[in-house]
Amino acid sequence: MNRQRVVAMILAGGQGSRLGVLTASVAKPAVPFGSRYRIIDFPLSNCTNSGIEAVGVLTQYQPLELNAYIGNGHSWDLDRNSGGAFILPPYQSSGRSDWYKGTANAIYQNIPFIDGYRPEIVLILSGDHIYKMNYEKMVRYHEEKMADATIAVLEVPWEEISRFGIMKTNDRAEITEFLEKPATADSNLASMGVYCFNWKALRTALMEDESNPKSSNDFGKNIIPAMLENKQRVMAYRFSGYWKDVGTVSSLWEANMDLLDYPDQIDLHDASWRIYSRNPIRPSHYIGQKAVLDRVALTDGDEIYGTVRHSVLSHSVIVEEGAVVTDSILMPGVHVGKNAKLDRCIVSINTKIGANVEIGPEVKDGIKDYVNKRLCTNGISLVADELEIRPGAKFAGSSMITGQKSDASENVVSVRSDD
Amino acid sequence: MNRQRVVAMILAGGQGSRLGVLTASVAKPAVPFGSRYRIIDFPLSNCTNSGIEAVGVLTQYQPLELNAYIGNGHSWDLDRNSGGAFILPPYQSSGRSDWYKGTANAIYQNIPFIDGYRPEIVLILSGDHIYKMNYEKMVRYHEEKMADATIAVLEVPWEEISRFGIMKTNDRAEITEFLEKPATADSNLASMGVYCFNWKALRTALMEDESNPKSSNDFGKNIIPAMLENKQRVMAYRFSGYWKDVGTVSSLWEANMDLLDYPDQIDLHDASWRIYSRNPIRPSHYIGQKAVLDRVALTDGDEIYGTVRHSVLSHSVIVEEGAVVTDSILMPGVHVGKNAKLDRCIVSINTKIGANVEIGPEVKDGIKDYVNKRLCTNGISLVADELEIRPGAKFAGSSMITGQKSDASENVVSVRSDD
Amino acid sequence: MLSKTMGLILADHHRIHLSELNQPRALAAMPFGGRYRIIDFTLSNMVNSGIKQVGVIALSAYKSLMDHLGTGASWDLDRMQQGLYLLPPYINAASIGDDSDLTGLLDFFSGSTQQTVVICDANIVMNYTFEEMVRQFNEGNQDILALYNRDGNQFGSPVISLDLDRRGFVRDVMIDALEIPSQRSFLGAIVVSRDLITSIIAEAIARGQTDFSLERILKMYTQYRIRGYEYKGKSLRINSVAGYFNASMRLLDSEFRQALFNEDTPIYTKVKNAAPAVYEHGSGVTNALCSDGCRIYGDVRNSILFRNVMVAKHATVENCVIFQDVQISEGAHLSNVILDKDCVVRMGVKLQGHPDYPVVIRKGAIV
Amino acid sequence: MLSKTMGLILADHHRIHLSELNQPRALAAMPFGGRYRIIDFTLSNMVNSGIKQVGVIALSAYKSLMDHLGTGASWDLDRMQQGLYLLPPYINAASIGDDSDLTGLLDFFSGSTQQTVVICDANIVMNYTFEEMVRQFNEGNQDILALYNRDGNQFGSPVISLDLDRRGFVRDVMIDALEIPSQRSFLGAIVVSRDLITSIIAEAIARGQTDFSLERILKMYTQYRIRGYEYKGKSLRINSVAGYFNASMRLLDSEFRQALFNEDTPIYTKVKNAAPAVYEHGSGVTNALCSDGCRIYGDVRNSILFRNVMVAKHATVENCVIFQDVQISEGAHLSNVILDKDCVVRMGVKLQGHPDYPVVIRKGAIV
């Protein structure tokens with residue numbers, strides 16, 4: 001196998017349960033985002049644009065969709081002979097057969113994969129953040145500072161520090177302490193989940209971590225604190241620019257709307273830093289005679305005959321005449337029937353919304369059986385993939401609509417071919 | 001995802017323990033074969049040459065080497081946008097997390113992968129057979145006969161029927177009975193482990209099999225007998241040509257030697273049916289001033305300064321002056337030191353045989369601690385990968401030499417970087 | 001799926017010139033339908049028929065065609081065996097005076113092992129697989145099978161009319177005949193055996209011919225038995241600027257769109273990785289086919305917009321075809337205009353053509 | 001790794017002609033070392049330096065070169081962004097009389113965003129990365145950096161001698177000088193900024209020039225500051241048939257092989273999927289570099305065998321270079337012979353050349 005100076009490992013993670021039914025049949029990184037993209041397009045494109053050609057994607061949960069999406073890596077120019085994009089699920093070997101126990105254990109189990117490239121540097125990335133970043137610059141910083149590990153950080157508002165992993169640094173930008181979601185702190189530098197390691201140092205740290213039965217095998221909780229304890233050189237690398245964790249329903253919704261409201265923040269038109277994606281081969285989108293569009297993102301295969309306001313639509317979405325879609329995200333293949341009203345909805349792949357259906361916080365006398373205020377904050381409703389919502393059905397806001405609830409099943413039909 | 005009329009699924013299987021240390025760190029299909037190849041090159045090349053472009057490779061054991069070997073599929077022209085070669089290990093989904101329970105269960109767990117291509121036909125292939133076969137012809141036969149399933153069969157010598165799954169057929173070539181390794185039978189048609197199914201029929205059979213808690217979820221033991229019981233149409237497709245199961249040490253050794261002894265049987269020079277493979281980028285092989293070669297297969301990167309007789313050498317093998325290699329198989333990167341004598345040895349990847357080492361049935365006073373007559377039949381010795389055999393060490397024939405035995409460890413050193 | 005058939009696409013047509021639109025690019029590389037080049041249709045038709053070896057022969061201005069086709073990966077033709085071949089000559093035969101220009105073509109055919117060849121002009125837009133036609137060729141008793149339909153004369157010159165006898169064999173071929181002898185117009189595709197086309201080309205080389213066209217082959221109807229094969233589906237012919245404009249506008253008809261685009265036989269094209277299109281507050285867009293990367297603040301009606309078109313506030317675009325990367329500034333007013341790539345329309349500029357005589361603005365112009 | 005550098009390879013050299021060996025193929029496509037074409041070395045050197053955008057410009061006989069390079073996948077250059085470009089003109093400029101032949105080259109450079117350009121002749125065989133040379137270029141104070149070494153005159157004409165001043169700048173350039181003013185011979189590679197090379201080509205076009213060579217650029221030493229950069233490793237120059245033969249024989253020297261082939265900077269080439277080589281009972285092979293697909297029954301000494309060479313019983317091959325798919329029949333006896341592709345040597349035939357005047361048998365000959 002060819003040598004690669006830098007290998008990137010993307011933690012595509014577990015079930016991502018805070019996204020509710022959106023991850024019922026796909027891993028979180030494969031969730032559609034921003035009309036043309038899936039979440040994982042951002043770290044993958046960052047890798048390609050940074051000149052990184054060997055990428056491992058670690059997942060043990062529903063990898064099929066991700067596998068099919070990434071395919072041979074061609075869409076991201078990652079169909080390399082001497083590298084490429086590889087999905088890495090857990091496997092059995094002579095002595096061992098384990099699911100991934102934590103983020104660090106996932107990397108530990110794939111040491112032979114990384115060793116195969118004989119890299120100097122290994123980047124550990126998260127699969128659920130939206131940002132554009134030149135990792136090559138970070139690697140150069142890491143090398144110049146002769147660090148063992150470098151963590152990308154950005155300033156967050158002081159009132160939000162309790163939502164992040166916070167880094168304390170000294171005046172040489174060395175990290176002195178790592179605080180996981182602190183109530184108060186005298187630093188507002190949050191970890192972006194982008195780690196750069198000397199492979200030798202990380203390899204040793206992973207072996208030690210694995211032999212510690214008390215460890216939860218996590219980068220943030222175990223590996224970084226242990227390196228700090230061992231007095232290894234851990235640097236902070238300051239990033240400024242758009243960055244958003246899309247791990248919750250409301251943050252996913254917000255990040256989508258940011259594309260409409262603050263299009264310059266994460267500029268998707270930037271020819272020098274393209275975000276690559278894989279899309280089905282569909283014609284240009286068509287806008288009908290009576291359509292009304294007001295702050296809307298569209299892409300290939302969409303057909304709009306109704307009214308759409310402040311919404312982000314993925315490919316092959318049809319909105320029929322008289323339908324009104326507001327503040328919503330419609331994922332690939334969604335069909336909105338005549339006169340249906342969707343307000344603050346995230347509708348997942350291939351679901352068919354029948355005529356006159358109404359979903360949203362303003363709906364009167366809507367069915368409340370699906371309301372889930374824990375996950376569906378800010379009045380946002382989720383509709384699972386591959387469903388058929390029967391014509392005329394009405395649902396209250398903050399609903400999480402699946403085909404598995406029996407008590408209201410006359411309104412919701414799962415059209416998945418089996419299960 | 002694009003439609004594919006035919007999808008092939010290669011059962012790359014479990015630990016392949018009958019190959020002993022050869023599969024200590026690689027899955028069986030990734031075992032080197034015939035100088036330039038790995039075993040899986042044969043079914044993969046058959047797929048490419050038959051025009052099949054979507055191939056799943058099912059494995060849960062040591063997939064890394066296989067993953068790295070198959071890469072983006074480019075070497076087999078399988079780096080397709082609308083298909084390609086995919087490694088499919090087990091995964092977790094909302095309700096379930098299981099290792100593959102049997103061959104049928106492995107396919108069952110990957111129903112969504114196959115469904116994605118909306119195929120008419122699914123081929124189930126084994127990853128450990130050496131043969132050249134046009135699957136497209138078999139598919140056409142299957143369709144003409146309007147079969148639910150078609151099984152490729154070949155005539156085996158009557159005295160060997162107890163080693164195979166034997167098919168009884170009627171005069172229309174319909175299979176009437178399936179006998180797993182029978183002591184006697186009135187048919188000598190053996191299953192080649194190549195199955196062609198209507199996807200609909202197979203899909204139903206897999207669902208039924210899965211819901212049967214008594215089933216061992218195996219194609220030969222459960223799926224085919226159940227289809228026969230249900231009076232489904234199961235046809236036999238006669239194949240004549242070279243075919244060899246390489247699941248045991250002696251059959252692997254024989255199949256390699258067949259390339260030297262019967263080169264026309266599985267003609268590797270046939271330009272109309274190339275066997276593709278992936279090899280490192282190495283220069284042509286060099287033959288030194290004092291070399292003697294007598295019935296030897298060589299490939300890129302080999303350097304021969306000694307004597308080699310009736311042996312098959314993979315790439316990047318070095319045989320130093322005075323060394324004598326006879327009736328042996330040397331896998332990629334093996335280094336044979338000066339005056340070493342190897343007789344009937346299969347030496348695995350990157351192992352270094354020290355000067356004056358002797359291994360073979362004729363060695364007098366050889367160490368007997370490694371003798372394993374159960375796996376190492378016919379006097380053949382196995383030497384594991386990434387070892388260093390200390391100069392002057394002598395081993396009896398039928399040895400299985402690993403770095404893990406402590407009682408003779410002064411002679412054998414594991415050079416693997418960790419464990 | 002056709003496994004023993006190869007394809008050849010003629011990227012230029014000696015009778016078809018689309019004025020300034022055709023100057024910076026081969027005919028086959030003409031942008032069409034928001035995100036395609038017209039060759040995408042023929043190439044996808046071949047790929048969707050199972051053809052895995054396709055040659056493309058261009059006479060001139062091949063650079064944008066080469067850029068578009070690249071390694072052939074977008075059509076899954078970046079193969080070790082077979083795949084996409086760009087055939088020499090790339091330059092206009094007339095300017096060299098060399099009699100060996102067809103040897104590249106001869107090599108392409110003689111080096112293959114396929115039995116049958118589908119040869120297509122690039123100016124026909126349809127969604128079609130050649131499986132049935134090739135099947136009939138293999139079973140039938142003729143040397144060449146020629147595709148035709150009955151709407152050719154709707155699209156203007158050149159029309160190649162085929163006069164067929166009762167058994168369907170060509171007995172006369174007329175180009176732009178005043179009195180059309182038959183409603184059957186050649187639809188730019190033939191099926192022929194590889195052996196026959198190889199010998200036809202070898203003979204042409206021996207006679208010192210330097211060009212190759214389907215018209216020339218059809219005219220051999222006295223020498224070879226050429227049978228007609230009727231196509232009854234929807235198709236568009238790109239024969240002239242007005243024909244191009246007219247064909248583009250047909251895409252606003254949903255019946256045509258459904259005939260051209262479906263999921264089982266997709267039309268592949270080069271992937272561009274543009275951003276999604278955004279329709280801003282105040283935009284008014286109706287009956288329009290638009291593409292990724294567009295940013296619309298103004299009004300767009302009955303138009304085709306390619307990728308990355310910007311329509312500013314208070315600008316109006318009506319009955320237009322706007323190629324990629326065009327910028328239309330505030331208050332501009334365009335109707336019946338074809339704007340080539342990279343144009344800029346300044347503030348307040350008004351351009352008005354007629355459906356039969358659309359205004360054509362050449363690549364990169366600032367108006 | 002160089003991330004802001006692009007490469008250009010000149011596949012032909014106006015002073016180098018390898019008689020019949022060079023006729024069916026560009027100089028760059030000359031088979032070398034059992035499984036390579038000579039361009040593989042330069043192309044791999046660029047790729048191993050991190051260069052991801054490489055143009056190749058050939059003047060004639062480009063078909064075997066195109067077949068060899070394909071989509072660029074063997075060098076990992078089949079990319080969406082950047083990758084491998086085959087540049088027009090593909091035909092000999094002289095035969096057209098068109099003054100725009102360099103525009104393709106100009107487009108290639110002006111369309112890129114790289115800062116620095118490495119331009120190489122294809123006739124140099126070495127294993128080298130340009131990282132250090134480009135670093136010195138970036139830090140140094142010159143317009144052009146030119147690679148040279150001190151063994152040029154060993155390989156015969158053409159030798160471009162560089163006379164350098166004390167600070168390393170070129171003050172004279174002599175071609176095949178009788179009295180060599182310096183031991184420094186140009187080694188077929190320069191580093192230049194993209195801006196400068198673009199303006200040099202633009203000016204050449206303006207002056208009506210139709211060709212491009214490194215010699216022409218070196219001769220601009222009065223106009224631009226050209227500094228020499230010494231290469232001290234092993235290299236081979238393919239300047240003539242005897243030079244080719246001599247360079248091939250050097251590969252039997254293990255020191256040379258080690259210098260040219262190593263795992264960290266591999267020399268990539270097109271994959272062929274031949275069978276392994278088989279040495280049959282009775283064969284006698286010593287000091288030979290042989291390739292996949294060979295079947296040897298006879299004797300081979302001090303020779304280079306390309307893929308799929310068959311040497312029959314009682315045949316003897318000594319001091320020979322045998323290209324791929326050659327068949328040598330029983331009892332034949334060859335010494336100091338270069339046999340091109342697809343040749344057949346009949347039973348008992350004897351051919352004997354001299355190391356300085358090897359017998360050359362042209363492609364496909366039956367002897």
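For the numbers below, each heavy atom of this structure counts, side chains included, while hydrogens, waters and symmetry mates do not. So that the names make sense, note that chain A is the first sequence line, chain B the second, and so on, each numbered from 1.
D/P276 and B/L268 get closest at one heavy-atom pair: CD-CD1, 4.1 Å. Closest of all the heavy-atom pairs between B/Y286 and D/L252 is OH-O, 3.8 Å. Closest approach of D/D292 to B/L298, counting heavy atoms only: OD1-O, 3.8 Å. In terms of heavy atoms, B/P263 sits closest to D/R295 at CB-NH2, 4.2 Å. The minimum heavy-atom distance linking B/I275 with D/N273 is given by the pair O-OD1, 3.8 Å.
Other residues, nucleotides and ligands place more than 12 heavy atoms under 6.0 Å from the NZ atom of B/K244. Counting non-hydrogen atoms of neighbouring residues, nucleotides and ligands closer than 6.0 angstrom, the NZ atom of B/K132 exceeds 12 such neighbours. A 6.0 Å sphere centred on NZ of B/K352 holds no more than 12 heavy atoms belonging to other residues, nucleotides or ligands.
Most heavy-atom pairs under 4.5 Å with chain B: of the set D/K272, D/R257, D/R307, this distinction falls to D/R257. Highest contact tally toward chain D, considering only B/H269, B/R282, B/H285, B/H74, is held by B/H285 [criterion: heavy-atom pairs under 4.5 Å]. Per-residue heavy-atom pair counts under 4.5 Å with chain D were compared for B/V308, B/V296, B/V312, and the maximum is reached by B/V296. Of the listed residues (B/G34, B/A297, B/P283), the one with the most heavy-atom contacts under 4.5 Å to chain D is B/P283. Looking only at heavy-atom pairs under 4.5 Å with chain D, the residue among B/T299, B/I287, B/L293 that has the most is B/I287. Highest contact tally toward chain B, considering only D/A288, D/G282, D/P266, is held by D/A288 [criterion: heavy-atom pairs under 4.5 Å]. Comparing D/G34, D/S283, D/A277 by heavy-atom pairs within less than 4.5 Å of chain B, the highest count is held by D/A277.
Distance check, rounded to the nearest 0.5 Å: CD1 of B/I281 to CD of D/E263 gives 11.0 Å. Rounding to the nearest 0.5 Å places OH of D/Y279 at 9.0 Å from CD1 of B/I304.
For chain B, the nearby parts of D/L289 are the backbone and the side chain; heavy atoms of each come within less than 4.5 Å. Of the two parts of B/R295, the backbone and the side chain both hold a non-hydrogen atom closer than 4.5 Å to a non-hydrogen atom of chain D.
At least one donor-acceptor pair closer than 3.5 Å links the side chain of B/R36 to the backbone N or O of D/A274.
Contact residues of residues 35-51 of chain D toward chain B are D/R35, D/Y36 (heavy-atom distance under 4.5 Å).
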